[in-house]
Enquirer: 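Pasting a structure below so you can have a look.
For ligands, and for the atoms within them, numbers begin at 1 and follow the listed sequence.
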Amino acid sequence: MKVDVLLGLQWGDEGKGKIVDVLTPKYDIIARFQGGPNAGHTLEFEGHKHVLHTIPSGIFHSNVINLVGNGVVIDPVIFKGELDKLAPFNIDFANRLLISKKAHLILPTHRLLDAASETAKGKDKIGSTLKGIGPTYMDKTGRNGLRVGDIFSTKFKEKYKALVEKHVGILVHYDGFEYDLETLEGPWLAAIEELKKLPAVDSEHFLQKALSEGKKVLAEGAQGTMLDIDFGTYPFVTSSNTVTAGTCTGLGIAPTKIGNVIGIFKAYCTRVGSGPFPTELLDEVGEEIRREGREFGATTGRPRRCGWIDLVQMRYAIMINGVTELSMMKADILSIFDTIKVCTHYLIDGEKVTDFPYDVNDVEITPVYEELAGWNCDLTELDSYENAPQALKDYVTYLEKQLNVPINVVSVGPDRKQTLTNPA
Ligand code: GDP
Ligand code: IMO
Ligand code: MG
């Protein structure tokens, strides 16, 4: 068996959580491979809305195992908070939620370092979620990190103290940055005890065995391709590989074991935090998308920046990830417009540009748009793609031709049920 991958093609928040939940009945295992509590994945069904940060989005389906892979960074306090919120739903965590021993831990001081670094950067800040993601991955690659497997060691407290001391030594250099570590440490150490109750596994072996037994695995991405540490709009990115290749390193899956790659995108585009966004709309139209789409961060509540879909960026993301099929999200939000714009290419210094440029941060990009007819009607009650308005089908067909990948799913609302399958 091969591992299917589902990931975001834009700047995150494409609707990954919803589609993972919709697809989970087809799988035996859902595995997160990177990121951490910077992610906020929203699921809606039976009148409930859930936001998951670390726990994979297959958790609401019984008989499916959810695995937090080695590429993920875990804040035990946030993780415990997620478990507590799920308590009323009687989920059998002990048998259905596994954590890789090799996943790294976010310490309270990682969060402090994130905050200190962002404050020091002033107007140049990344706009990080302040969850300690960057400093934790820095310690991982710097070979200083603490891993889930370490919490069972008798030397854990010693290792923890040594790393905290190192961090305190760095924090001293941030002039005027004040903090109270003691109040953060108590809950963190208590949450470690909770973490110990869950099965810690060698997830690479676990997955290999599962695949050899014919089990079906879906890898759930976090963030989006344009936030990838290598291929995103650096330095305004996150600190992990959010692309398909991240599945291999974040779960211990060989590249030859990757199956379908499902790329998720919004029918328009959003970004939260700083950094370039060529099709951003700073006018009333952008406001309308934000209002209609309720574009506010699931993790931080920050307003998301909004704009039209960008095919230069999308083609780049499809190339990097080897996307085999697409899911288009939030089509219902565009119902308010008579016409819809699609950026087909850029103009830079008067030259036509179709490859996503290296110096996107520094050059002036003029997006060139094609205008398509809108559908101007409510989609949220649609029960099948066949019954969708022709203008929506034309939009889908246009994007399929431009991107050269089939759009198999069209989402018309946040609920599990508001999901249409394109039979074409
Ligand atoms: P993720 O991080 O990729 O899982 O996405 P988020 O959960 O951060 O953001 C997506 C938001 O859009 C959530 O509030 C979802 O409930 C919502 N959503 C997902 N699909 C649709 C859709 O097709 N229509 C509408 N109106 N909302 C959607
Ligand atoms: P999901 O999985 C949208 C953004 C932050 C910031 C940059 C770096 O819900 O799609 P970090 O805290 O990772 O150091 O922040 O990345 N960012 C996200 N934006 N969705 C996310 O996750 C994000 N995770 C990080 O806003 O610009
Ligand atoms: Mg999100």
Side-chain angles (χ1 to χ4, degrees), residues 6-22 32-45 48-54 56-57 72-73 75 106 110-111 113-115 117-118 125-138 220-229 232-240 242 263-268 270-277 289 292-305 327-336 378-380 382 409-420:
L6 180 147
L7 41 69
L9 298 180
Q10 296 160 321
W11 278 276
D13 301 330
E14 296 89 349
K16 299 174 289 293
K18 168 178 168 166
I19 297 298
V20 170
D21 171 60
V22 167
R32 269 280 301 269
F33 59 91
Q34 46 67 234
N38 47 351
H41 294 183
T42 314
L43 289 69
E44 283 193 40
F45 55 88
H48 291 285
K49 175 175 167 171
H50 304 275
V51 181
L52 299 169
H53 301 287
T54 326
S57 302
V72 176
V73 289
D75 182 328
I106 301 176
H110 283 132
R111 293 184 68 147
L113 285 165
D114 201 358
S117 162
E118 285 285 79
K125 70 178 180 185
I126 306 294
S128 113
T129 57
L130 301 178
K131 304 292 177 200
I133 304 295
T136 306
Y137 279 115
M138 280 163 72
E220 173 180 0
Q223 289 77 58
T225 302
M226 304 314 289
L227 291 171
D228 180 89
I229 182 71
T233 46
Y234 191 89
F236 301 102
V237 294
T238 190
S239 297
S240 65
T242 60
I264 311 282
F265 69 101
K266 278 179 187 160
Y268 47 96
T270 65
R271 165 163 211 172
V272 61
S274 325
F277 179 1
I289 297 178
E292 189 69 13
R294 299 205 175 92
E295 293 295 354
F296 296 89
T299 295
T300 59
R302 291 179 292 176
R304 295 178 185 141
R305 300 155 62 193
S327 295
M328 183 173 90
M329 311 302 290
K330 300 192 98 161
D332 53 306
I333 303 308
L334 294 185
S335 295
I336 54 171
D378 181 27
L379 304 179
T380 57
L382 275 177
V409 167
V410 176
S411 176
V412 292
D415 194 273
R416 216 183 237 177
K417 289 193 183 135
Q418 293 169 305
T419 312
L420 310 177

Enquirer: Looking at ligand 2, is there an atom of it that comes within less than 4.0 Å of some heavy atom belonging to Lys131?
Expert: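 Checking ligand 2 against Lys131, which is what was asked, there is no heavy-atom contact under 4.0 Å.
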
Enquirer: Give a yes/no on ligand 2: does Gly127 have at least one heavy atom closer than 4.0 angstrom to it?
Expert: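 Yes; Gly127 lies near enough to ligand 2 that a heavy-atom distance drops under 4.0 Å.
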
Enquirer: Which residue and non-hydrogen atom of the protein lie closest to atom 10 (C) of ligand 1, and at what distance in Å?
Expert: Asp13 O, 3.7 Å

Enquirer: Which protein heavy atom lies closest to atom 12 (O) of ligand 1, and at what distance to 0.1 Å?
Expert: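 Nearest neighbour among protein heavy atoms for atom 12 (O) of ligand 1, to 0.1 Å: Lys330 NZ, 3.1 Å.
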
Enquirer: State, yes or no, whether a side-chain contact exists between Thr270 and Gln10 at a heavy-atom distance under 4.5 Å.
Expert: no

Enquirer: Gly8: heavy atom below 4.0 Å from ligand 2, yes or no?
Expert: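 Contact check Gly8 vs ligand 2: negative.
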
Enquirer: Salt-bridged, Asp13 to Arg304, with N to O below 4.0 Å?
Expert: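 Between Arg304 and Asp13 there is a salt bridge, with a charged N closer than 4.0 Å to a carboxylate O.
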
Enquirer: Who's the nearest protein heavy-atom neighbour of atom 6 (P) of ligand 1, and how far?
Expert: Gly40 O, 3.5 Å

Enquirer: Taking 4.0 angstrom as the limit and counting only heavy atoms of Lys16, give me the atoms of ligand 2 inside it, by number and element.
Expert: 1 (P), 2 (O), 10 (O)

Enquirer: Considering only protein heavy atoms, which is closest to atom 26 (N) of ligand 1, and at what distance to one decimal place?
Expert: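 For this ligand atom, the closest protein heavy atom is Asp332 OD2, 2.7 Å.
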
Enquirer: What N/O/S atom of Asp13 gets nearest to the Mg ion (ligand 3)?
Expert: OD1

Enquirer: Determine, using heavy atoms of Gly413 and all atoms of ligand 1, whether some pair is separated by less than 4.0 Å.
Expert: yes

Enquirer: Could you check whether Arg305 makes a cation-pi contact with Phe277, meaning its NZ or CZ is under 6.0 Å from the centre of the six-membered ring and within 45° of the ring axis?
Expert: no

Enquirer: Can you sort out which atoms of ligand 1 are near Arg304, meaning under 4.0 Å from one of its heavy atoms?
Expert: 8 (O), 9 (O)

Enquirer: Looking at Met329, which atoms of ligand 1 are within less than 4.0 Å of one of its heavy atoms?
Expert: 20 (N)

Enquirer: Which atoms of ligand 1 are found less than 4.0 Å from any heavy atom of Gly17?
Expert: 4 (O)

Enquirer: For ligand 2, which atoms, with element, lie under 4.0 Å from some heavy atom of Arg302?
Expert: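 Counting atoms of ligand 2 from 1, those under 4.0 Å from Arg302 are 5 (C), 26 (O).
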
Enquirer: Go through ligand 1 atom by atom and flag the ones less than 4.0 Å from a non-hydrogen atom of Ser411.
Expert: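 Going through ligand 1 atom by atom, the ones under 4.0 Å from Ser411 are 20 (N), 21 (C), 22 (C), 23 (O).
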
Enquirer: Check whether any N, O or S atom of Ala222, backbone or side chain, sits closer than 2.8 Å to the Mg ion (ligand 3).
Expert: no

Enquirer: Need the ligand 1 atom indices (1-based, order shown) with element for anything under 4.0 Å from a heavy-atom of His41.
Expert: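 Listed by number with element: 1 (P), 2 (O), 4 (O), 7 (O).
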
Enquirer: Going by heavy atoms, is Arg271 under 4.0 Å from ligand 2?
Expert: no

Enquirer: Please list, in number order, the atoms of ligand 1 under 4.0 Å from a heavy atom of Lys18.
Expert: 20 (N)

Enquirer: Should you measure from each heavy atom of Glu44, which atoms of ligand 1 turn up under 4.0 Å away?
Expert: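 Per the distance check, 16 (O).
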
Enquirer: Please work out whether any backbone atom (N, CA, C, O) or any side-chain heavy atom from C-beta onward of Ile333 is under 4.0 Å from ligand 1, and answer side chain, backbone, both or neither.
Expert: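 The side chain, only.
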
Enquirer: Who's the nearest protein heavy-atom neighbour of atom 15 (C) of ligand 1, and how far?
Expert: Thr42 CB, 3.9 Å

Enquirer: Using a 3.5 Å distance criterion without hydrogens, assess whether the side chain of Thr225 forms a donor-acceptor pair with backbone atoms of Gly8.
Expert: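 Yes, because the side chain of Thr225 sits within donor-acceptor range (under 3.5 Å) of the backbone of Gly8.
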
Enquirer: Between Lys131 and Thr136, is any side-chain donor less than 3.5 angstrom from a side-chain acceptor?
Expert: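 Note: Lys131 and Thr136 side chains miss the donor-acceptor criterion.
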
Enquirer: Check contact between Val237 and ligand 2, using heavy atoms of the residue and a distance below 4.0 angstrom.
Expert: yes

Enquirer: Less than 3.5 Å apart, any donor N or O on the side chain of Gln223 or Thr238 sitting next to an acceptor on the other?
Expert: no

Enquirer: Could you list which atoms of ligand 2 come closer than 4.0 Å to a heavy atom of Trp11?
Expert: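 Per the distance check, 3 (C), 19 (N).
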
